Amino acid sequence: MKIFKSKHKLKEEISNIKNISFVPTMGGLHKGHISLIKKSQNYKGKTLVSIFVNPKQFNEKKDFINYPRNLKKDLKILKHLKVDLIYLPSFKDVFSFQVKNKIFLDKFSKKLCGRSRKDHFKGVLNIVNRFLELIKPKYIFLGIKDFQQSYLISKHILKRKINTKVINCNTIREKNGVACSTRNNNLNKNQFKIASNVIKYLKNKKRLIKKEFFNSKSITIKKDLINLGVTKIDYIEFYNSKTLRQPKSKREKFKIFIAFYLNKTRLIDNI
Ligand code: PAF
């Protein structure tokens with residue numbers, strides 16, 4: 001496992017590597033990241049994992065400060081997984097060069113998380129665009145728990161004709177149904193249980209929710225979730241994940257997209 005803190009050294013190392021499978025992370029590695037990394041290792045070539053908590057994608061300074069970090073544990077996990085290359089840039093290293101491609105923000109960035117987290121996706125695309133330019137990976141592995149993020153990165157890549165393929169990977173869940181997330185580290189036992197009850201509720205009621213949605217009674221869902229112990233619901237919306245339109249007929253497939261708070265911790269999921 002080779003660790004790089006400088007983009008110049010990293011570029012030197014990878015200049016002769018044809019196929020790079022890239023897994024961008026903000027650290028706090030969990031089973032979801034491990035599954036992305038293992039998937040990337042099934043592809044020909046080398047796996048490169050980046051760890052960088054990108055301040056530009058946090059719309060609140062407090063949230064950036066409280067974001068769980070554990071580099072020592074992360075490096076142990078990566079070593080155990082026999083990851084080939086690690087990039088651990090500083091802010092200066094990754095933000096101090098002129099990029100070739102301008103960020104392309106698809107209009108879907110205005111929906112869901114884009115409504116409440118101003119400039120979040122701009123920040124995500126800024127860093128991902130830089131990584132893509134530096135690393136020029138053949139593949140980038142992204143989890144669909146962050147469906148909107150993955151969608152917007154794909155659109156940027158397509159629009160800017162970047163030669164990288166997005167590999168979307170399924171959401172990995174804890175035994176109690178909660179999607180693996182670095183932010184789960186900020187939950188206490190009781191909040192973790194509430195998160196689990198929320199997911200169970202949404203799974204069980206998906207059909208009913210659809211009916212209620214069509215009868216525009218989604219308010220009752222919000223009430224139920226608050227009764228389960230949710231502090232605040234940022235959004236709960238229903239989209240056909242292929243068309244990104246709200247389902248029109250009862251037979252149409254759809255996903256529930258949710259963002260909610262347990263005290264100060266904001267969790268997102270799609271079911
Ligand atoms: O999903 C994440 O962890 C981040 O948004 C990413 C893609 C690493 C960019 O900072």
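This chain uses plain numbering: 1 for the first residue, then up along the sequence. Counting convention: from 1, in listed order, for ligands and their atoms alike. The basis for the numbers below is simple: all heavy atoms, side chains too, and nothing from hydrogens, waters or symmetry mates. Computed from a prediction, not measured in an experiment: that's the story for all the values here.
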Item checked: Modelled atom types, side-chain donor and acceptor of Tyr67 and Asn54, under 3.5 Å -> no
Notebook entry, point to check: Rounded to the nearest 0.5 Å, how far does CG of Leu267 lie from CZ of Arg183?
Noted result: 8.5 Å
Next item on the list: Step by step, work out the side chain to side chain contact (heavy atoms under 4.5 Å, CB included) result for Arg173 and Cys180.
Entry: CA-CA 5 Å; Arg173 296 183 180 276; Cys180 294; 5.8 Å; no
Next item on the list: Supply the atom-to-atom distance Leu228 CG to Tyr201 OH, rounded to the nearest 0.5 angstrom.
Entry: 7.5 Å
Note to self: Please output the residues near ligand 1 using a strict heavy-atom distance under 4.0 Å, listed in chain and residue-number order.
What the structure shows: Pro24, Thr25, Met26, Gln57, Ile127, Gln149
Item checked: Qualifying residue, where the test is side-chain contact (heavy atoms from CB on, under 4.5 Å) with Phe257 and the options are Asp269, Ile236, Asn270, Ile268 -> Asn270
Next item on the list: Go through the structure and list residues passing ring-ring contact (aromatic ring centres under 6.0 Å, His included) with His30, not counting sequence neighbours.
Entry: His33
